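Only a predicted model underlies this, so the values are computations on that prediction, with no experimental measurement involved. To find a chain, count down the sequence lines: A is the first, B the second, and so on, and within it residues start at 1.
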Amino acid sequence: MDSVRVRFAPSPTGHLHVGGARTALFNWLFARQHQGTFVLRIEDTDLARSTTESVDGILEGMRFLGLDWDEGPEKGGSYGPYFQSQRLTLYRRYADQLRRDGWAYECFCTSEELEAMREEARKNKEDPKYDGRCRRLTAAEREERRDQGRTSVLRFKTNYDGSTILDDAIRGRVSFDNRQLDDFVVQKTNGMPTYNFAVVIDDALMEISHVIRGEDHISNTPKQIQIYGALGFTVPDFAHIPMILGPDKSRLSKRHGATSVTQFREEGYIPEALVNYLALLGWGYDDSQTVFSVSELIDKFSLERVSKNPAVFDLQKLEWLNGVYIRDLDLETLYERALPFFVKAGFAERRPSQEEKKKIQAVLASLQSRIRRLDEIPQAASYFFGDIAEYDAKAVRKVLLKEGTAEILEYVAGELAALPGFEEEDLKPVFAQAMEEFDCKLGKIMQPVRVAVTGTTSSPSMYEVLPVLGRDEAVRRLRKAQQIISQRWEAEQT
RNA sequence: GCCCCCAUCGUCUAGUGGCCUAGGACACCGCCCUUUCACGGCGAAGGCAGGGGUUCAAAUCCCCUUGGGGGUACCA
């Protein structure tokens, strides 16, 4: 294969959407696999809707996912500029060429006329297409309109004969009857190119070899192919990847929940998991593997294996995968990823001391198999960093208020208070003795301690929680639980 | 309306005419492990949209129907 050049070309009108991110990922994987070039191009010809904040957000999202681009914003490259708004002279030049060669013509129709035309067509049950009236204008008529000061757009002289064939890498041969097309606008009144025009100029000039994009662009392709032809450009290979849908099978959008990459980051998803999940949306490898490292993806990805049908975004599976990756992280990396969430919860300073760091890592070690998202940390770790905010009512009732619990807590508190060390091996004998003392199973001892120390019935092992809290705090909480028990008991007497 | 695309468990998918009594993953349910909760292990349930062809043989090829998605802009 000749040198591979692919691109991701978002329009900066919002955040990096997961659909866009998946398109970017497929392009990136394809480029990396073929030692090709991955170009990032910003399609900001819609002045009204494009913002620089959006550009920043998109770049940030790309970086978060680890999708580095070889050419594009902040990076440059020999095919620039990489913002369409900075390529206007190029578009103008080719627009002029089209007109000069008789492939395009000025159209003076106003939007009102156009709307009336479409309305009329609908009424007559015809296709709401441009009827080509300005195509038939004589030179004199055009001159007259220009003199009247009427503005114009440039329309492409579509070839209505035969059909346009698209050999799609994913869908195979797709044929479009050219009579379905109309003379579409290539240059707007304000001089800006339309999408269908700019995309062709850019892809051709940037020598893009494979256009990998969403299926929503498939209907545009015949128009673009005609422009390639009119300008004498080589048509690239196309691959149209399926859409991503919400649970209700409609196109994935905000109303389905989080859709932007930044949002997923804030919700505690880690990039490896997101990348893995996105790869699985519309692509599969074989009948056994679902967890793929990035390098495996680069190695195994192929357009041939991209499926044709739209995929429903399954948040539960993403969460599961995120949990898989969280569990797989070594403690140091997990710490780095999780620290912002501790900071946000007020559990840590931005730059923790060695001692703080040790504690956070101990907490993370206990939590690692228990959380699926980093943003569960404030909730899951709260009792490690402050008093118990609220005792679970059911836990108090079913565990603390049980007959004999006060005695057990009294015993354990006393024993723990006398302990010289406070690590697992120091604690074990205490609980072993308690079992003998009260002639019961371990659970009978541990559950009251757990509720006393965490306020809930579910937590990591006491052998992990207790050492992190330290002797004084642990004993304090056991005593406090005793108080709660006696208070409740008294309350019941009256 | 017209054009284009798509159709395997609830979801993502494996399957490219016989290896399919359709495989895996998530979710769900049950059991085991266990100081609780997770993790982990084992197991159950669950699908070829419908109808016609082609063929000795169809989830796989063809046609129709139905359903879903996309497009039909001076948005990208």
(request) Answer yes or no: does a side-chain N or O of R327(A) lie under 4.0 Å from OP1 or OP2 of rG40(B)? (result) yes

(message) Check this for me: does any side-chain nitrogen of one of R118(A) and E115(A) sit under 4.0 Å from a carboxylate oxygen of the other?
(response) yes

(message) Partner lookup for rA25(B), please. Criteria are Watson-Crick or G-U wobble with both distances under 3.5 angstrom; report none if nothing qualifies.
(response) rU11(B)

(message) Taking any heavy-atom pair under 4.0 Å as a contact, classify G323(A): base, sugar-phosphate, or nothing.
(response) nothing

(message) Can you list everything that forms a side chain to side chain contact (heavy atoms under 4.5 Å, CB included) with R87(A)? Sequence neighbours excluded, please.
(response) P81(A), L90(A), Y91(A), D202(A), L205(A), M206(A)

(message) When both hydrogen-bonding distances must be under 3.5 Å and the geometry is Watson-Crick or G-U wobble, what is rG18(B) paired with, if anything?
(response) rC56(B)

(request) Using only heavy-atom distances, decide whether a donor-acceptor pair under 3.5 angstrom links the side-chain of S307(A) to the base of rU13(B). (result) no

(request) May I ask you to verify whether the side chain of R171(A) and the base of rC5(B) hold a donor-acceptor pair under 3.5 Å? (result) no

(request) State whether E106(A) and R146(A) are salt-bridged, where the test is any N-O pair (Lys NZ or Arg NE/NH1/NH2 against Asp/Glu carboxylate O) under 4.0 Å. (result) yes

(message) Students often get this wrong, so: under 4.0 angstrom with heavy atoms, is R305(A) touching a base, only sugar-phosphate, or nothing?
(response) sugar-phosphate

(message) According to side-chain hydrogen bond (donor to acceptor under 3.5 Å, both in side chains), who are the partners of D286(A), at least two apart in sequence or on a separate chain?
(response) S288(A)

(message) Please determine whether salt bridge (Lys or Arg N to Asp or Glu O under 4.0 Å) holds for the pair K444(A) and E407(A), giving the CA-CA distance in whole Å, both sets of side-chain angles, and the decisive distance to 0.1 Å.
(response) CA-CA 12 Å; K444(A) 198 92 176 14; E407(A) 289 72 27; over 6 Å; no

(request) Using a heavy-atom cut-off of under 4.0 Å over every strand shown, decide if S175(A) touches base, sugar-phosphate, or nothing. (result) sugar-phosphate

(request) Produce a footprint string for nucleotides 66-76 of chain B: one letter per nucleotide, 5' end first; B if the base is under 4.0 Å from any protein heavy atom, S if only the sugar-phosphate is, - if neither. (result) --SBBS-SBBB

(request) Output yes when D96(A) and R99(A) qualify as a salt bridge under the 4.0 Å nitrogen-oxygen rule, no when they do not. (result) yes

(request) Check every atom of rA27(B), rC12(B), rG1(B) against the side chain of L280(A) and return the nucleotide holding the closest atom. (result) rC12(B)

(request) Would you mind telling me which of rC6(B), rU35(B), rC3(B) lies closest to the side-chain atoms of R450(A)? (result) rU35(B)

(message) By nearest atom, which of the nucleotides rA38(B), rU13(B), rC2(B) is closest to the R370(A) side chain?
(response) rA38(B)

(request) Round to a whole Å and report the spacing from CG of L281(A) to P of rA25(B). (result) 18 Å

(request) Look at R150(A) together with E113(A) and state whether they make a salt bridge at an N to O cut-off of under 4.0 Å. (result) yes

(message) Just to be sure I understand the rule, does R213(A) reach a base, reach only the sugar-phosphate, or reach nothing, if contact means heavy atoms closer than 4.0 Å?
(response) nothing

(message) Mind checking if S459(A) touches a base, just sugar-phosphate, or nothing, with heavy atoms under 4.0 Å?
(response) base

(message) Applying a 4.0 Å non-hydrogen cut-off, can you work out what F313(A) is touching in the nucleic acid: base, sugar-phosphate, or nothing?
(response) nothing

(request) Look through every strand shown and name the nucleotide pairing with rU72(B) as Watson-Crick or G-U wobble, where both distances are under 3.5 Å. (result) rG1(B)

